[in-house]
Amino acid sequence: MSESDNQQTKYNPQLLETKWQGFWDKEQIFRATPSPDKEKYYVLVMFPYPSGRIHMGHVRNYAIGDVVARYQRLQNKNVLNPIGWDAFGMPAENAAIQKKSHPAKWTYDNIDAMRSELKTMGLSYDWKREFATCDPDYAHWEQDLFLKLYDKNLVYRKKALVNWDPVDNTVLANEQVIDGKGWRSGAAVVRKELSQWFFKITDYADELLTGLEKLEGWPETVKTMQTNWIGKSHGVEFEFKITGHKEAFAKEPTAEDTTMGVYTTRPDTIMGVTFCSVAAEHPLAKLTAQHNSEAQAFIQSCQSTGTSEEALEKLEKKGFDTGLKAIHPFTGEKIPVFIANFVLMSYGTGAVMAVPAHDQRDFEFAKTYNIPIKVVIQNDGEALDSQTMTEAYTGPGKLINSAEFNDLDNENAKKIIAEAFDKKGIGKATINYRLRDWGISRQRYWGNPIPMINCEKCGVVPVPVEQLPVTLPDDVELTGAQNPLVIHPTWKLCNCPKCGGAAHRETDTMDTFMESSWYFLRYCSPDEQNAPLNTKEVNHWMPVDQYVGGIEHAVLHLLYARFFHKALRDIGEVDCDEPFINLLTQGMVRKDTINCPTHGWLYPNEADEIDGKFKCVKCGEVATVGRNEKMSKSKNNVIDPNDLIAGYGADTARLFMLFAAPPDQDLEWNESGVDGAWRFLNRLWRLLVDIQERYNGAKPATTTPKNSALKELRGKVHETIERVTRDMERKQYNTGISAVMEMINAGGKLLAAGEVTKDQEAGGVLMELAHVAVVLLNPYTPHITEELWQMLGHEEHLGLAKWPKVDPEALVKDEITVVVQINGKLRSRLTVPANISKEDLEKAAMGDEKIVANLANVTVRKVIVIPGRLVNIVAN
RNA sequence: GCGGGUGUGGUGGAAUUGGUAGACACGCCAGACUUAGGAUCUGGUGGCGUAAGCUGUGGAAGUUCGAGUCUUCUCACCCGCACCA
């Protein structure tokens with residue numbers, strides 16, 4: 001063989017990956033158009049925020065999505081596999097402030113950079129459908145949808161308590177508040193009441209909950225998280241009459257001051273109520289504050305309390321006696337009303353009936369303020385003493401000290417007492433949700449403007465649809481101190497569409513979760529110019545058959561998107577009830593962190609490994625290995641995907657990602673694992689080149705030869721088809737790959753043995769193996785398989801091939817190995833004909849010399865024969 | 001506190017769902033070969049033992065002819081939510 005031939009037959013990923021990416025691009029191989037002949041399949045990966053560079057999390061996410069897409073294509077489905085950019089958001093503004101440029105320029109530059117990075121991965125996207133959510137077009141139709149939902153009464157404005165950062169002058173989302181401080185400014189966040197726009201997600205609370213039951217293709221964990229987040233509870237809502245205004249404030253009450261609504265899930269404990277508590281923001285608390293400066297001070301101290309976990313855990317139960325009295329609806333007893341720092345205004349009515357004997361918080365509170373504790377539930381034969389008990393009893397039991405309700409089982413009592421409330425006309429059974437309406441107002445520049453106008457005369461007026469889109473002004477100076485839309489000299493000035501008078505625009509922009517709530521719909525008809533969606537095309541492609549993304553979006557994005565989809569269904573934009581049929585949440589990519597005492601967190605290439613210990617390359621000191629954590633810039637434990645792809649090629653990068661762990665599990669980064677993937681692809685390459693050279697022109701076998709080695713190998717090939725297909729369906733890609741590895745190893749072994757190489761039948765079986773290997777591996781490693789397919793003599797590209805079918809005849813075995821156990825312990829193995837009868841198998845086992853020896857001094861009690869598997873002899 | 005999950009060799013991970021524990025890969029050991037390559041090939045590799053064998057899936061008990069798999073208890077770690085009345 002000449003020098004140049006040798007060069008050609010060497011696996012060169014850089015060369016052939018460029019070649020095939022160019023081919024796919026030029027021939028528009030992955031362009032998706034609706035087709036009546038083929039079943040549609042919509043695969044979707046969560047679109048990236050254009051931060052500037054792709055990271056390993058992206059590589060994993062998109063590699064998984066691409067396996068699904070390519071596998072479904074080989075199954076002859078019409079696959080839609082789109083990609084785009086989640087392009088609004090705060091990082092663009094922060095970068096713009098730092099670099100004194102414009103968020104749009106920063107964002108589009110990043111998109112260009114990341115697009116070319118993604119293209120080196122060889123992903124089978126329909127790039128013609130690509131868009132960025134900050135494109136005027138997308139923003140336009142989002143505003144249009146906002147107004148349509150406003151017309152449907154699903155959008156409203158109200159005053160709400162928000163996390164306010166007093167330094168940055170903006171509202172912060174809950175997740176942007178870290179330990180009670182603004183994530184950027186570090187200033188203590190205060191709670192402030194502001195006018196905010198809301199989506200009525202609570203209208204859909206019940207459907208969002210019940211809909212989860214039908215989502216069989218979703219991980220249980222995600223469904224549980226959403227269930228908890230929605231937080232449905234059954235209880236009773238009723239009113240206390242309030243008195244004592246004269247005694248407390250020397251003032252007559254107004255009508256609304258004389259009642260107080262409460263919500264309880266424990267109506268069975270009604271007779272144990274010994275006080276009430278209200279939130280600091282409750283009207284009765286405000287009323288008290290008007291007359292009492294101490295109450296005012298107490299309320300203020302409640303509002304400055306941090307919202308972090310830690311702060312809450314340490315927080316003492318504190319209260320302030322309003323002096324007002326609530327009248328117990330059943331006993332008529334007058335009980336005190338406290339303002340309490342642990343009562344939430346945002347849940348239920350902001351006021352609670354307190355039962356210290358049966359609620360731990362109330363118990364602690366009662367102990368602090370010397371309030372009586374009244375036991376009303378206890379187990380039979382177990383007496384609870386309010387004087388000596390050290391914690392609330394929250395378990396089940398029978399009612400005591402409860403007048404007419406005594407001796408009722410407490411679960412039963414919940415119903416009976418709820419009915420009693422209803423009969424008295426003072427309360428009713430209610431369902432409550434933890435879920436709150438979705439506040440979408442953000443005091444930020446780089447977001448989609450809320451298309452509303454405030455007119456002094458007419459109030460809130462929607463921007464007329466023909467005036468859409470409301471676009472962001474370009475001439476702004478970003479300082480981070482204030483929303484540039486507010487301080488812009490002219491942008492917010494406009495005329496009221498109703499009265500024509502001077503008015504001003506809403507200066508808040510939408511939460512960026514808005515964009516991700518309908519991008520999967522827009523992908524179906526990205527070029528539609530006259531409406532947000534082309535419903536015919538949307539209904540062709542929707543719902544998404546397989547969604548792939550990070551578990552971190554389990555609640556927020558996936559709940560918002562489900563809600564928004566249902567809202568759009570109700571205004572006729574789409575037919576299906578749920579947007580995502582199957583959900584795969586991939587695990588994180590993790591790596592050890594390395595810390596140098598003087599230089600802090602080190603990048604992997606800043607530490608030399610010597611005998612398992614690390615030394616800092618800058619100072620030579622011994623660096624310590626920290627926790628194995630999610631790859632993150634802050635810990636420097638990152639590997640740049642570009643380096644990996646440039647060095648080994650995209651196929652190796654993809655193969656490693658998919659082989660190292662099942663998709664839903666965390667994946668530990670390990671350099672030698674990459675080498676393993678690389679070596680396998682080289683082995684594959686060499687084997688197939690070898691087969692092609694030896695058997696050039698041979699047709700892949702369609703029947704099984706008699707030769708036992710070839711028969712066995714062909715059995716292996718078809719067993720591999722079976723295994724890989726099953727693993728594709730259950731999305732366990734690591735085991736699917738290992739099955740192909742086994743097949744390649746078996747093929748290599750047979751060739752190396754040399755016995756059958758000249759055999760014509762051998763050519764058929766090995767050629768079949770080569771073809772099967774290429775097709776089975778194509779979803780994982782598309783470039784090398786395309787090249788090998790061509791080398792095997794195909795003129796049509798691999799995308800037009802079909803997923804191989806199992807030949808049942810090939811799986812039939814002449815002989816099988818059966819295990820013989822004595823008392824469950826492995827004692828011998830037998831090679832027997834595959835079709836052996838139960839009786840003959842038992843006979844063979846009992847006659848085996850190892851078994852005979854083992855049974856010498858014992859009596860056989862029972863023999864269990866499982867055909868095809870084992871014989872277990874029970875003896876003693 | 002509530003909810004969910006995971007515990008298997010030196011490492012990542014398999015195990016057709018109750019039937020040979022450790023597939024495949026990394027690493028390691030021994031050897032071969034060479035165009036010294038990111039090599040490649042062959043053999044070995046859970047632990048103890050020279051061996052026959054014993055033992056082994058976080059721990060304890062149970063069901064079963066048979067348990068990594070089912071049941072109960074328990075320990076450890078991870079994730080989510082968290083004063084939700």
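Proteins get letters first, then strands, A, B, ... in listed order; numbering begins at 1 in each.
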Q.
List the residues meeting side-chain hydrogen bond (donor to acceptor under 3.5 Å, both in side chains) with Asn682(A), not counting sequence neighbours, and say none if there are none.
A.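 Expected list: none.
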
Q: Please state how far atom CD1 in Ile551(A) lies from atom C1' in G4(B), giving the value in whole angstrom units.
A: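 Rounded to the whole Å, the gap is 10 Å.
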
Please table the atom pairs, donor to acceptor, closer than 3.5 Å between any side-chain atom in residues 650-665 of chain A and protein atoms at least two apart or in another chain.
unit_1	atom_1	unit_2	atom_2	d
Asp651(A)	OD1	His783(A)	N	3.4
Asp651(A)	OD1	His783(A)	ND1	2.9
Asp651(A)	OD2	His783(A)	N	3.4
Asp651(A)	OD2	Ile784(A)	N	2.8
Thr652(A)	OG1	Tyr648(A)	O	3.4
Arg654(A)	NE	Tyr780(A)	O	2.9
Arg654(A)	NH1	Asp66(A)	OD2	3.0
Arg654(A)	NH1	Met121(A)	O	3.1
Arg654(A)	NH1	Gly122(A)	O	3.1
Arg654(A)	NH2	Asp66(A)	OD2	2.8
Arg654(A)	NH2	Pro779(A)	O	3.0

Q) How far, in whole Å, is A14(B) from A23(B) if one measures between their C1' atoms? A)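 Going atom to atom, C1' in each nucleotide, I get 5 Å.
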
Q.
If I take atom CG in residue Asn823(A) and atom P in nucleotide U64(B), what distance separates them, rounded to the nearest angstrom?
A. 15 Å

Q: Round to the nearest Å and state the distance from Asn854(A) atom CG to G53(B) atom C1'.
A: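 So the two atoms are 11 Å apart, to the nearest Å.
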
Q: Nearest whole angstrom, please: distance from the C1' of A85(B) to the NZ of Lys317(A).
A: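 The answer, rounded to whole Å, is 12 Å.
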
Q: Using the P atom as the reference point in each nucleotide, state the distance between C26(B) and G44(B) in Å, no decimals.
A: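 These two P atoms come out 16 Å apart once rounded.
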
Q: Rounded to whole angstrom, note down the P distance from C33(B) over to U42(B).
A: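 Their P atoms lie roughly 15 Å apart.
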
Identify the pairs formed between an N or O of the protein and an N or O of nucleotides 45-49 of chain B at a distance under 3.5 Å, and give each distance.
none

Q) With sequence neighbours excluded, what pairs up with Asp437(A) under the salt bridge (Lys or Arg N to Asp or Glu O under 4.0 Å) test? A) none

Q: Could you check Trp678(A) against Lys749(A) and say which one's nearest nucleotide on RNA chain B is further toward the 5' end?
A: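 By nearest-heavy-atom nucleotide position, the 5'-most residue is Trp678(A).
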
Q: May I ask you to say what Val343(A) touches in the nucleic acid, namely base, sugar-phosphate or nothing, with a heavy-atom cut-off under 4.0 Å?
A: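 If one applies the 4.0 Å heavy-atom cut-off, Val343(A) turns out to touch a base.
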
Q | Stem segments of RNA chain B by first residue number [Watson-Crick or G-U, under 3.5 Å, at least 3] | A | B:1-7 with B:75-81, B:10-12 with B:24-26, B:27-32 with B:40-45, B:46-48 with B:53-55, B:58-62 with B:70-74

Q) Of all the choices, C41(B), C84(B), C54(B), which nucleotide is nearest to the side chain of Leu344(A) once you look at every atom? A)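 Of C41(B), C84(B), C54(B), C84(B) is nearest to the side chain of Leu344(A).
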
Q: Look only at the side chain of His358(A) and the backbone of Tyr393(A), and say whether a donor-acceptor pair between them is shorter than 3.5 Å.
A: yes

(Q) Using a heavy-atom cut-off of 4.0 Å across all strands, would you classify Gly647(A) as base, sugar-phosphate, or nothing? (A) base

Q | Nearest-Å distance for atom pair NZ/P, residues Lys10(A) and U40(B) | A | 11 Å

Q | Base orientation of G9(B), syn vs anti, 90° cut from 0 | A | syn

(Q) I'd like to know whether Glu220(A) forms a salt bridge (charged side-chain N to carboxylate O under 4.0 Å, His left out) with Lys223(A), so could you lay out the CA-CA distance, the side-chain angles of the two residues, the decisive distance to 0.1 Å, and finally the verdict. (A) CA-CA 5 Å; Glu220(A) 279 308 314; Lys223(A) 289 195 274 189; 3.5 Å; yes

Set out, line by line, the N/O atom pairs under 3.5 Å between protein and nucleotides 55-59 of chain B.
unit_1	atom_1	unit_2	atom_2	d
U55(B)	OP2	Lys825(A)	NZ	3.4

Q.
By the 4.0 Å heavy-atom rule, please label Tyr648(A) as base, sugar-phosphate, or nothing.
A. base

Q) Hey, is the side chain of Arg361(A) poking within less than 4.0 Å of OP1 or OP2 on C84(B), counting only N and O atoms? A) yes

**Q.** side-chain hydrogen bond (donor to acceptor under 3.5 Å, both in side chains) against Asp640(A), all qualifying residues, sequence neighbours excluded
**A.** Arg53(A), Asn642(A)

Q.
Between U16(B) and G22(B), how far apart are the two P atoms, rounded to whole Å?
A.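 One P to the other, the span is 13 Å.
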
Q) U57(B): syn or anti, with syn meaning chi within 90° of zero? A) anti

Q.
Counting only side-chain heavy atoms from C-beta out, which of C84(B), C81(B), G38(B) sits nearest to Trp229(A)?
A. C81(B)

Q | Cation-pi, Phe365(A) ring and Lys317(A) (6.0 angstrom, 45 degrees) | A | no

Q) What interatomic distance, in whole Å, is found between P of A15(B) and the corresponding atom of A76(B)? A) 29 Å

**Q.** Reading 5' to 3' through nucleotides 12-34 of chain B, protein heavy-atom contacts under 4.0 Å coded B for base, S for sugar-phosphate only, - for none
**A.** BSSSB--BB--BBSSS-------

Q. Hey, are Arg723(A) and Glu719(A) close enough for a salt bridge, meaning a charged N less than 4.0 Å from a carboxylate O?
A.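 Yes, this pair counts.
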
Q: Write down the distance between CG (Leu687(A)) and C1' (C41(B)), rounded to a whole number of angstrom.
A: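 Nearest whole value for this atom pair: 14 Å.
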
**Q.** With Tyr263(A) via ring-ring contact (aromatic ring centres under 6.0 Å, His included) - residues at least two apart
**A.** none

Q. Rounded to whole angstroms, how far apart are CG on Asn341(A) and C1' on A85(B)?
A.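 Distance check: Asn341(A) CG to A85(B) C1' gives 14 Å.
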
Q | C1' gap between U57(B) and G18(B), integer Å | A |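 The same atom, C1', in both gives a distance of 15 Å.
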
Q.
Can you check the distance between U63(B) and C78(B), where both ends of the measurement are the P atom (answer in whole Å)?
A.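 To the nearest whole Å, 35 Å.
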
Q | Taking every non-hydrogen atom, the tightest pair across Ala646(A) and Gln14(A) | A |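 In terms of heavy atoms, the two residues are closest at O-NE2, 2.7 Å.
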
Q: In whole angstrom, give me the gap between the C1' atoms of C29(B) and G80(B).
A: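 These two C1' atoms come out 45 Å apart once rounded.
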
Using atom types as modelled, flag every donor-acceptor pair under 3.5 Å from a side chain in residues 269-279 of chain A to any protein atom, sequence neighbours excluded.
unit_1	atom_1	unit_2	atom_2	d
Thr269(A)	OG1	Arg266(A)	O	2.8
Thr274(A)	OG1	Pro372(A)	O	2.9

(Q) What is the distance, to the nearest angstrom, from the CE atom on Met345(A) to the P atom on A85(B)? (A)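 Checked: the CE to P distance equals 16 Å.
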
Q) If you look only at pairs with a residue in residues 724-739 of chain A, which of them pass as a salt bridge (Lys or Arg N to Asp or Glu O under 4.0 Å), with sequence neighbours excluded? A) Asp727(A)-Arg730(A)

Q. Quick one: is A85(B) close enough that its OP1 or OP2 comes under 4.0 Å of any side-chain N or O from Tyr347(A)?
A.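 Result: yes.
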
**Q.** Asn432(A) (side chain) donor-acceptor with Ser233(A) (main chain) under 3.5 angstrom
**A.**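 Here the side-chain-to-backbone pair does not exist.
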
Q | For Phe320(A), all residues meeting ring-ring contact (aromatic ring centres under 6.0 Å, His included), sequence neighbours excluded | A |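 Partners of Phe320(A) under the ring-ring contact (aromatic ring centres under 6.0 Å, His included) test: none.
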
Q) Looking only at heavy atoms, which two atoms of Leu811(A) and Gly715(A) are closest? And how far apart? A)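 Smallest interatomic distance, heavy atoms only, reads CD2-O, 3.9 Å.
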
Q: Hey, can you tell me if Phe238(A) and Phe240(A) have their rings parallel, tilted or perpendicular (30° and 60° cut-offs)?
A: tilted

